[in-house]
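Structure record follows, encoded as C-alpha cells.
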Amino acid sequence: MDDTVTILGAGIVGICCALSLQARGVKVRLIDRGAPGQETSYGNAGIISPWSIVPQAMPGILKSIPGMLLDRNGPLSVRPSFWPKMISWGLRFAAHSNAKAARATSDAMEILCQPSIMLYRRHLQGTGHEHLVADSFYVHAFRNASKASLNDLGYKIREDKGAELELIGGDALRQLEPALSPAFKAAVLIKGQARAVSPGRIGTALAQKALDQGAEILRTDVSGLTRQADGTWALATSDGTVQTKNLVIAAGVWSAALLKPLGLDVPLVAERGYTVEFPNAAININNSVMDVDAKIVASSMLEGVRVAGSSEFGAIDAPASPRKKALLKAQAKAMFPDLDTEGTVFWMGRRPSFPDSLPALGPVDGAQGLFTAFGHSHYGLMMAPKSGELIADLVAGVAPNTDLSPFSPQRF
C-alpha cells in the first residue's frame, strides 16, 4: 500500500483538502458518487467572505422561530416526519443562542472564513479561471429603514473584528444596485468581500487542477467504513474495496451515517436550501444582495441571476418541495421588478448543519488515521480553503498554529 491519502467526498471541502495536501507533497485520492464540486456547494449563493462570522444561533432567534414556522411563505420549515430528530437538535441550538456563545462561535468561524478570498485566489492561480472570484460588497437590504442599524449584535461582532461597514439610505442604495426595488429604503454594506460568479465552475476548475497534479478521482458509491486489523481503513464501494492508511471524511451530510457504526454519533442534520436561477434575467446585480426580510440572497452569475434561500429541515432523501420554486420566484421578482423569469431553473441542496454553526474538523479520537472535514452548514464555500489547510497540516503531521478544539468531532 502506498501513502496516498483518501478523501471521501469531492465537494468543495474535499477538493480544497486535496489541493492543500498536494501542496505539501502528499498524494491524494478523491472518492465521490458524483462529479467533483457539483453537489451542495454547486447551488451556493456565491458569497466568499472574511466577515461571514455570525452564527445562526443568535440572541433573540428563539422568539422569531415560531413565527417563521407558522408563516407558510417564511424562510424556515420542518418536514413533519423530521420533528423527532429536530427537537434534540433544536435544544442544542437553543443552548448556543446567547451573546457569550455567539461571540465564542464567531471567534472560531473567523479562523476559517478570514483567509477565504486569498486562498481561493491562490488555488485558482494559473488555472485560467481566476475570473471566477470577483470583488464585491455584501448588501443587506432593508424595506424598513428603522431596522437597519449598525448596533445590531451581528454587525458589532463584524466591526469588532475589523470589518468595514457602512449604513446607506435608499437613494445611495439605488445608485449601487439600480435593479433593486424602490421598496428597499436602507442597506448595510459589508465591504472587503468577494463572490463566486459560478460556484460549480470553481469546483470543476479546482478538481481539474488536483487531477493535473496527479490526484486520483474515483466515481463510485461508498456503503461502509471499517477498521482493519493492521490499523488501515477499508471503504466498501460499488466497485470493490479501497484500503487506505489515512482517510478524510468530507462527505457533507452523508458523513454522519458512515461514522455512527464506529461509535461517533454526531447531531448533524440536512438543512435543505433552494435556489432559482434566471438565465434570461435582463438585469445585472453588481454585488451579493440579501433581502433581510425574506432571508434570500441574489447575485449575478455566469449562468444568470441566482436567488438562494430557505432553510428546510428534513430527511436527506426527501424529495424537493415544488412550492419552493414558486415562492423563490415571487420573492426574486419582488426584489427586482424588471427581472425576466422566463426559463427559471430550480435546484435543491443539503447543507450539513450542526447546531453551533461549526464543522467537525480534525482527528477522530481512538481512530488513528481518520479525520473529519464536514458539517460546514451555510458556510461551506467560505470555510473550505482554510479547512483544507488545517486538515492537510494534521494529516501531514504538522501541528496547526490554531486551537482546533471548537471544531472537534467529539465536542458533542
Side-chain angles (χ1 to χ4, degrees), residues 10-12 32-47 68-69 71-82 132 141 179-181 195-204 252-254 269-285 288-353 376-381:
I12 195 63
D32 203 305
R33 65 182 182 184
Q38 307 306 301
E39 189 62 59
T40 304
S41 289
Y42 173 88
N44 193 280
I47 299 163
M68 288 191 283
L69 288 171
D71 182 357
R72 192 167 183 270
N73 294 328
L76 177 63
S77 59
V78 179
R79 293 284 179 108
S81 61
F82 199 71
L132 293 176
L180 194 62
S181 168
R195 60 190 177 94
V197 299
S198 178
R201 294 192 198 189
I202 288 178
T204 298
V253 75
W254 294 273
V269 297
E271 185 184 353
R272 297 136 61 84
Y274 292 85
T275 70
V276 286
E277 204 160 74
F278 306 101
N280 309 304
I283 64 165
N284 186 64
I285 306 171
S288 297
V289 181
M290 180 171 71
D291 178 338
V292 174
D293 296 322
K295 302 286 191 298
I296 58 174
V297 179
S299 184
S300 286
M301 296 192 176
L302 296 181
E303 297 84 5
V305 164
R306 177 178 294 180
V307 176
S310 183
S311 290
E312 180 193 51
F313 292 87
I316 295 175
D317 57 355
S321 171
R323 65 175 299 275
K324 296 288 186 179
K325 178 179 180 180
L327 174 60
L328 280 173
K329 190 174 177 180
Q331 291 174 327
K333 191 71 174 176
M335 282 185 79
F336 303 99
D338 295 329
L339 177 68
D340 186 340
T341 60
E342 188 68 28
T344 304
V345 178
F346 183 54
W347 180 91
M348 185 271 289
R350 303 160 182 86
R351 306 181 190 100
S353 293
H376 293 76
S377 185
H378 292 246
Y379 315 94
L381 188 68

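- Note that CG of L328 is 10.5 Å distant from OG1 of T344, once rounded to the nearest 0.5 Å.
- A donor-acceptor contact shorter than 3.5 Å links the side chain of R272 to the backbone of P319.
- In this structure a side-chain-to-backbone donor-acceptor pair under 3.5 Å is missing from E303 to P279.
- The backbone N or O of S321 lies less than 3.5 Å from a partner atom in the side chain of Y274, making a donor-acceptor pair.
- Atom OG of residue S311 and atom NE2 of residue H378 lie 4.0 Å apart, to the nearest 0.5 angstrom.
- Inter-residue side-chain proximity for R323 and N73 is flagged as met; some heavy-atom pair is nearer than 4.5 Å.
- Checking side-chain atoms of R195 against main-chain N and O of S300 turns up a donor-acceptor pair under 3.5 Å.
- Side-chain contact check for T204 versus Q38: some heavy-atom pair is nearer than 4.5 Å.
- In this structure, the side chain of R350 does not engage the main chain of A270 through any donor-acceptor pair within 3.5 Å.
- Taking every heavy atom of both residues into account, E342 and D340 meet most closely at N-OD1, 2.9 Å.
- From K324, atom NZ reaches atom OG1 of T275 across 13.0 Å, with rounding to the nearest 0.5 Å.
- Across all non-hydrogen atoms, the minimal contact from A45 to A308 is CB-CB, 3.9 Å.
- Note that OH of Y42 and CZ of R201 are 9.0 Å apart. Values are rounded to the nearest 0.5 Å.
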> Checking side chain to side chain contact (heavy atoms under 4.5 Å, CB included) for the pair F278/V307: CA distance, chi angles, key distance, verdict?
Replying inline: CA-CA 8 Å; F278 306 101; V307 176; 4.0 Å; yes

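- Contact record, A196 with I202: CB-CD1, 3.6 Å, taken as the closest heavy-atom pair.
- Here the side chain of K333 pairs a donor or acceptor atom with the backbone of L339 at under 3.5 angstrom.
- In this structure the side chain of M301 reaches within 4.5 angstrom of the side chain of P199, judged on heavy atoms.
- Judged by the 6.0 Å distance and 45° axis criteria, R306 is not positioned over the aromatic ring of W347.
- Shortest non-hydrogen contact noted between I12 and S41 is CG2-OG, 3.2 Å.
- Q331 contributes no side-chain N or O that, together with a main-chain N or O of K329, makes up a donor-acceptor pair within less than 3.5 Å.
- In plain terms, the two heavy atoms of P337 and A334 that are nearest each other are CD-O, 4.5 Å.
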>> Set out, in order, the CA-CA distance, both residues' side-chain angles and the distance that settles side chain to side chain donor-acceptor pair (under 3.5 Å) for R351 and N44, then state yes or no.
In response: CA-CA 10 Å; R351 306 181 190 100; N44 193 280; over 6 Å; no

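- Proximity of E39 to D32: side-chain heavy atoms (C-beta onward) are nowhere separated by under 4.5 Å.
- Taken from OG in S77 to CZ in R72, the straight-line distance is 10.5 Å, to the nearest 0.5 Å.
- The minimum heavy-atom distance linking R79 with G314 is given by the pair CG-CA, 3.9 Å.
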> Where do H376 and T40 land on the side chain to side chain contact (heavy atoms under 4.5 Å, CB included) test, with the steps shown first?
Replying inline: CA-CA 11 Å; H376 293 76; T40 304; over 6 Å; no

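- Rounding to the nearest 0.5 Å places OG1 of T341 at 13.5 Å from CZ of F336.
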